[in-house]
Every structure is written in C-alpha cells, then in structure tokens.
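Everything below concerns the one structure shown next.
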Amino acid sequence: GRGFAFRRKQKIEQQYRKLLKKRRQVPSQQGDQFTDTYPEHLKHLYLAEEEKLKKRRRRTPDDSVTSEEKLDKAANDRGIYGYVCLMIISVSRMCTFSSRSVVTQEKFKNKTSNQKAKEEYEKIKAEHARKKEEAEKRRQQREEAQRLYKKKKMEAYKILSKKTKKGQPNLNLQVEFLLQKIQQNT
C-alpha cells in the first residue's frame, strides 16, 4: 500500500506548494525534474533506478511518446515503489536546501531545540530551588516546634519534680499545674 515513503513524499510536496504559494511563484517546468542531481547518500539507489528505466526505454519501440510519459509508464509498470522514487527525485530537485530551511524555520520559528532544552533546564533548576526552600522552611518550622515542645516539657518536669524539705513530692504545685492545664484547654 502507501507506506512511510509515500507520506514523506506528500509532505515534501505540500511544503513545496506552501513555499511556492508564499513566494507567489509558478512551479518550474516538469522536464527539469529528472536530472542527475541526487542526494549524495542515496545517489546509488537513484542511479540504479535510472539504469533500469533506460533499459526499459531501449526495449520499447514507442518513440512517439515523450520521455516524461515513458517515465510515468515505467513507474506504473513497476508499481508504487517506482512512482515514489520518481516523485522523490522530482520533489528533491524542485526543493532546494535553502527552501527546506525556510520551511523548517517557519515550523520552529519561536525556539530551537537547544533553546527549548535550556528553558526546560532552567525550569527544572527553579523547581529544585523552590522545593529546596520549602524543605528548609519545613525543617526550620519542625525544629522550632520541637524546641517549644521541649521547653514546655522541661517547665512541666521542673514543676512536677519539686520536692518538699522532707523529699516528698509537692502536691500543691502538681495540683496548680493541672489547674493551669485545664484552664488553657477550655
């Protein structure tokens, strides 16, 4: 069926049409599409396809048919793969590198990936700093609460552990302490 190559071809064609519409230009002639300028890393594939097409053209005696029609016919004979290869060749010929960069700049006109990464890093750094501050505040509050708790406990211990001259617990102070506690709670 129509795989990723077909979708990629359609996407490139759409980007090219958008670029032409933006520049308000007419598409270049269809005869220029099938020249020998191929991307370097795919050149061997395109050259092999071109060889096959030349061999098929030699076999068919239709000289009245134009070369474009022959290419279309050859593409139809081989199926979608040949058509996709020919369309990729034509689209890559029409779209120069500078026009692709314009399209990608339009797509990412706000921020580059490096800028996005820096912003994300700054956000994460700010979040860590905020969390660290909150943890420090909580720690200080906890220490303050523990200090107050120990202070109250110590005062209560001092009152409750008072002894009389004979070494007996001082019940009057204990009762007063309990009375204060009850009055504070109500």
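Quick note: numbers below take in every heavy atom, side chains included, and nothing from hydrogens, waters or symmetry partners.
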First locate atom [atom1] of [X], then atom [atom2] of [Y], and finally report the distance between them rounded to the nearest 0.5 Å.
{"X": "Lys153", "Y": "Leu160", "atom1": "NZ", "atom2": "CG", "result": "9.5 Å"}
{"X": "Gln180", "Y": "Ile159", "atom1": "CD", "atom2": "CD1", "result": "6.0 Å"}
{"X": "Asn114", "Y": "Glu119", "atom1": "CG", "atom2": "CD", "result": "10.5 Å"}
{"X": "Arg58", "Y": "Arg56", "atom1": "CZ", "atom2": "CZ", "result": "13.5 Å"}
{"X": "Lys52", "Y": "Lys55", "atom1": "NZ", "atom2": "NZ", "result": "9.0 Å"}

Q | N-O pairing of Lys137 and Glu133 below 4.0 Å | A | no
Q) Restricting to pairs with a member in residues 120-132, which pass side-chain hydrogen bond (donor to acceptor under 3.5 Å, both in side chains), not counting sequence neighbours? A)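 Counting only pairs at least two positions apart or across chains, the side-chain hydrogen bond (donor to acceptor under 3.5 Å, both in side chains) contacts touching residues 120-132 are Glu127-Arg130, Arg130-Glu134.
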Show me the donor-acceptor pairs within less than 3.5 Å that the side chains of residues 141-150 make with the rest of the protein, sequence neighbours left out.
{"unit_1": "Glu143", "atom_1": "OE1", "unit_2": "Arg139", "atom_2": "NH1", "d": "3.3"}
{"unit_1": "Glu143", "atom_1": "OE2", "unit_2": "Arg139", "atom_2": "NH1", "d": "2.6"}
{"unit_1": "Glu144", "atom_1": "OE1", "unit_2": "Arg147", "atom_2": "NH2", "d": "3.1"}
{"unit_1": "Glu144", "atom_1": "OE2", "unit_2": "Arg147", "atom_2": "NH2", "d": "2.3"}

Q | Partners passing side chain to side chain contact (heavy atoms under 4.5 Å, CB included) against Phe4 (at least two apart in sequence or in another chain) | A | Arg7, Arg8
**Q.** Sub-4.5 Å side-chain heavy-atom contact between Gln10 and Gln14
**A.**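 No. Closest side-chain heavy atoms not under 4.5 Å.
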Q. Given the rule in the side-chain contact (heavy atoms from CB on, under 4.5 Å) test, do Leu53 and Glu50 qualify, once you have shown the distances and angles that lead to the verdict?
A. CA-CA 5 Å; Leu53 290 175; Glu50 193 173 336; 5.5 Å; no
Q. Can you name the nearest heavy-atom pair linking Pro169 to Gln174, along with the distance?
A.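 Minimum heavy-atom separation between Pro169 and Gln174: CB-NE2, 3.9 Å.
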